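Every value quoted in this text rests on a predicted model; they were computed, and no experiment measured them. Proteins come first, then strands; the chains are lettered A, B, ... in the order of their sequence lines, and each starts at number 1.
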2 protein chains.
Amino acid sequence: MNSNVAVSVPGGDVWLRRLSSVVSLSRAAQEAAAEIMSLGRPIPARDHIIRDGNRETSIKVLISGFACRYKFLPAGRRQITAFVLPGDLCDFGFVSSSPASQGVMALSPSIVGAVDVDRFASIVEEYPDLMAAVLRCAAIEQNATQELLLSLGGRNALQRVGHLLCELHFRMQSAGLLRDGQAFDLPVTQSELGEALGLSTVHVNRTVQTLRKLGLATWRDRVVSLPNPPGLAALSGFDPAYLKSEMA
Amino acid sequence: MNSNVAVSVPGGDVWLRRLSSVVSLSRAAQEAAAEIMSLGRPIPARDHIIRDGNRETSIKVLISGFACRYKFLPAGRRQITAFVLPGDLCDFGFVSSSPASQGVMALSPSIVGAVDVDRFASIVEEYPDLMAAVLRCAAIEQNATQELLLSLGGRNALQRVGHLLCELHFRMQSAGLLRDGQAFDLPVTQSELGEALGLSTVHVNRTVQTLRKLGLATWRDRVVSLPNPPGLAALSGFDPAYLKSEMA
DNA sequence: TTCCCGAATTCACATAGGTTAAATCGGGCG
DNA sequence: CGCCCGATTTAACCTATGTGAATTCGGGAA
């Protein structure tokens with residue numbers, strides 16, 4: 001829309017924008033990447049996008065909506081290991097030809113783009129930068145997982161929630177999905193937040209209210225607003241460096 | 001020793017064994033991989049193997065010893081994100097041409113092998129299976145991180161410690177490093193265990209003693225012994241599937 | 001042998017966060 | 001308009017784990 005690159009599929013630009021943000025791609029590589037992506041049918045909230053253990057034949061990219069990656073503990077508790085935002089790849093199993101090691105579920109109505117793994121492999125031969133881009137995305141994803149690990153291992157409830165809100169805010173901003181000043185859509189339940197942060201629903205609620213009182217975050221009607229991002233970042237120890245790719 | 005493959009460097013077999021365990025490699029590929037590895041000088045306990053943020057020019061493989069990957073929280077607390085055993089790669093940053101996102105420190109006197117990244121890249125052109133093997137290793141590593149995330153998010157102290165001991169036992173076994181029946185070396189301090197599991201030193205101690213009383217684990221003089229592995233696995237919800245590569 | 005030091009252990013006490021259950025809110029639907 | 005149901009909120013109570021500090025243990029150095 002803002003450029004005249006041929007985008008054969010609506011929504012393909014989300015995928016291109018993501019790849020280009022981590023590796024600078026030639027026009028030809030971009031066109032090749034755009035051509036092999038196709039859109040799937042809309043997926044309602046709570047439906048699976050990928051089932052744990054499934055050997056996927058296509059690379060799935062979230063085009064719009066909101067999803068999460070998760071695993072189950074033997075006890076039955078579900079641990080959300082990552083939130084998937086538009087532009088994110090749903091699973092990186094294909095990089096090592098492994099089946100998905102975790103499930104991916106839509107948290108709000110979503111649209112997913114699919115790139116056939118074999119077709120991707122064949123254009124990668126001509127445009128190896130595309131593989132580099134995917135590997136960079138995988139590395140960032142890995143960093144985010146580790147940052148969550150840091151939260152669970154060493155931050156208290158207030159910091160955990162604050163840190164996650166900072167991260168989502170930053171990523172939504174990067175994706176161009178901020179509503180106006182500082183607000184963004186968070187179509188997630190407080191209980192689901194708890195499943196990511198290792199906190200009970202009740203305590204997530206207490207914590208969110210404390211953030212409200214501190215004037216650091218508002219969350220109403222599935223919309224989060226951060227009146228004072230630097231303040232929240234300071235409280236929670238958020239530093240977005242881990243979400244950026246080193247374009248060195 | 002048990003085969004007549006030329007191993008140009010002592011210790012190179014640890015590296016080869018690891019690669020071969022995730023992807024079956026041709027004799028030629030094995031020889032090529034062995035040739036480009038060189039051994040570094042011994043590293044004393046508590047020394048850095050990799051410094052956070054450093055752009056490594058070589059792939060580092062732990063040949064012998066024991067190490068950990070870690071990050072610091074702004075508060076100063078250190079979070080260990082993974083234990084590195086002989087045969088493991090110390091850092092996967094080179095896969096995405098990124099600098100190391102975490103530090104790696106020897107926990108006991110260690111020897112590290114180095115493979116120049118550029119030389120590796122050049123032989124990968126001839127033996128792409130080598131890259132596949134490295135990516136598989138990265139995927140397993142990623143799985144282990146997520147399993148730790150599950151521990152911190154949803155397991156209590158007893159299960160966390162038990163699960164970690166099960167994992168180390170399994171990995172030491174795979175590396176052929178079990179002493180006799182079920183015992184293995186764990187040259188780590190209780191406080192360091194706590195840094196990995198998000199527990200205080202005191203509580204790690206309490207927990208280890210409980211495991212002793214339950215007859216599920218003994219840990220004395222840096223040697224861990226598991227009298228009843230299935231029992232401990234059941235208690236802690238350990239399933240080694242996440243450590244295996246799907247050779248499909 | 002004795003000293004010394006880091007690691008393991010023990011103890012007393014404090015608290016963040018879990019649990020259970022009930023109350024309220026808000027929107028979709030008949 | 002009134003009902004229903006999931007999500008949020010509140011409340012009372014409970015416990016797993018943290019904290020701080022002292023004690024013991026075990027092995028290396030003098």
(request) With axes from five pairs an end, tell me the bend angle of the helix from dT1(C)-dA30(D) to dG30(C)-dC1(D), nearest 10°. (result) 30°
(message) Taking atom CZ as the centre, does Arg77(B) end up with more than 12 heavy-atom neighbours from other residues, nucleotides or ligands that are less than 6.0 angstrom away?
(response) yes
Okay, side chain of [X], backbone of [Y]: is any donor-acceptor separation there less than 3.5 Å?
{"X": "Ser108(A)", "Y": "Gly65(A)", "answer": "no"}
{"X": "Gln79(B)", "Y": "Glu195(B)", "answer": "yes"}
{"X": "Glu56(A)", "Y": "Pro99(A)", "answer": "no"}
{"X": "Thr189(A)", "Y": "Glu192(A)", "answer": "no"}
{"X": "Arg69(A)", "Y": "Cys90(A)", "answer": "yes"}

Validation: residues 174-187 of chain A side-chain donor-acceptor distances under 3.5 Å, sequence neighbours left out:
{"unit_1": "Ser174(A)", "atom_1": "OG", "unit_2": "Phe170(A)", "atom_2": "O", "d": "3.0"}
{"unit_1": "Arg179(A)", "atom_1": "NE", "unit_2": "Asp185(A)", "atom_2": "OD1", "d": "2.7"}
{"unit_1": "Arg179(A)", "atom_1": "NH2", "unit_2": "Asp185(A)", "atom_2": "OD1", "d": "3.0"}
{"unit_1": "Gln182(A)", "atom_1": "OE1", "unit_2": "His169(A)", "atom_2": "NE2", "d": "2.8"}

(request) Provide the closest heavy-atom pair for Leu152(A) versus Ala196(A) in the form atom of the first, atom of the second, distance. (result) CD2-O, 4.1 Å
(message) Under a 4.0 Å threshold between the charged nitrogen and the carboxylate oxygen, would Arg18(B) count as salt-bridged to Asp88(B)?
(response) yes
(message) Restricting to salt bridge (Lys or Arg N to Asp or Glu O under 4.0 Å), what partner residues turn up for Arg41(A), sequence neighbours left out?
(response) none
Report, one line per pair, each donor and acceptor closer than 3.5 Å where one atom sits in a side chain of residues 231-242 of chain A; sequence neighbours left out.
{"unit_1": "Ser236(A)", "atom_1": "OG", "unit_2": "Leu232(A)", "atom_2": "O", "d": "2.8"}
{"unit_1": "Asp239(A)", "atom_1": "OD1", "unit_2": "Ala241(A)", "atom_2": "N", "d": "3.0"}
{"unit_1": "Tyr242(A)", "atom_1": "OH", "unit_2": "Glu167(A)", "atom_2": "OE1", "d": "2.6"}

(request) For DNA chain D, find the residues of residues 193-204 of chain B with a heavy-atom distance under 4.0 Å and give them by number; none if there aren't any. (result) Gly198(B), Leu199(B), Ser200(B), Val202(B), His203(B)
(request) Would you jot down, in residue-number order, the residues of residues 149-164 of chain A having a non-hydrogen atom under 4.0 Å from DNA chain D? (result) none
(request) Kindly state each residue pair satisfying side-chain hydrogen bond (donor to acceptor under 3.5 Å, both in side chains) with at least one member in residues 209-226 of chain A, sequence neighbours excluded. (result) Asn205(A)-Gln209(A)
(request) If a pair satisfies side-chain hydrogen bond (donor to acceptor under 3.5 Å, both in side chains) and one of its residues is in residues 152-162 of chain B, list it, with sequence neighbours excluded. (result) Glu147(B)-Arg155(B), Ser151(B)-Arg155(B), Arg155(B)-His163(B)
(request) Walking along DNA chain C from 5' to 3', note the first and the last nucleotide with an atom under 4.0 Å from a heavy atom of chain B, and give both. (result) dA7(C) to dA12(C)
(request) Please find the earliest and latest nucleotides of DNA chain D, in the 5' to 3' direction, that have an atom within less than 4.0 Å of any heavy atom of chain B. (result) dT17(D) to dG20(D)
(request) Return the residues of residues 213-224 of chain A meeting this criterion: a heavy atom under 4.0 Å from some atom of DNA chain C. Order them by number, or give none. (result) none
(message) Pair Leu197(B), Ile80(B) - check side chain to side chain contact (heavy atoms under 4.5 Å, CB included), show working.
(response) CA-CA 8 Å; Leu197(B) 298 176; Ile80(B) 290 178; over 6 Å; no
(request) Verify side chain to side chain contact (heavy atoms under 4.5 Å, CB included) between Asp52(A) and Phe72(A), making sure each step is shown before the conclusion. (result) CA-CA 10 Å; Asp52(A) 183 14; Phe72(A) 278 101; over 6 Å; no
(message) Please enumerate all residues that pass side chain to side chain donor-acceptor pair (under 3.5 Å) together with Ser64(A), with sequence neighbours excluded.
(response) none
(message) If I take atom OG from residue Ser101(A) and atom CD1 from residue Ile140(B), how far apart are they, to the nearest 0.5 angstrom?
(response) 11.0 Å
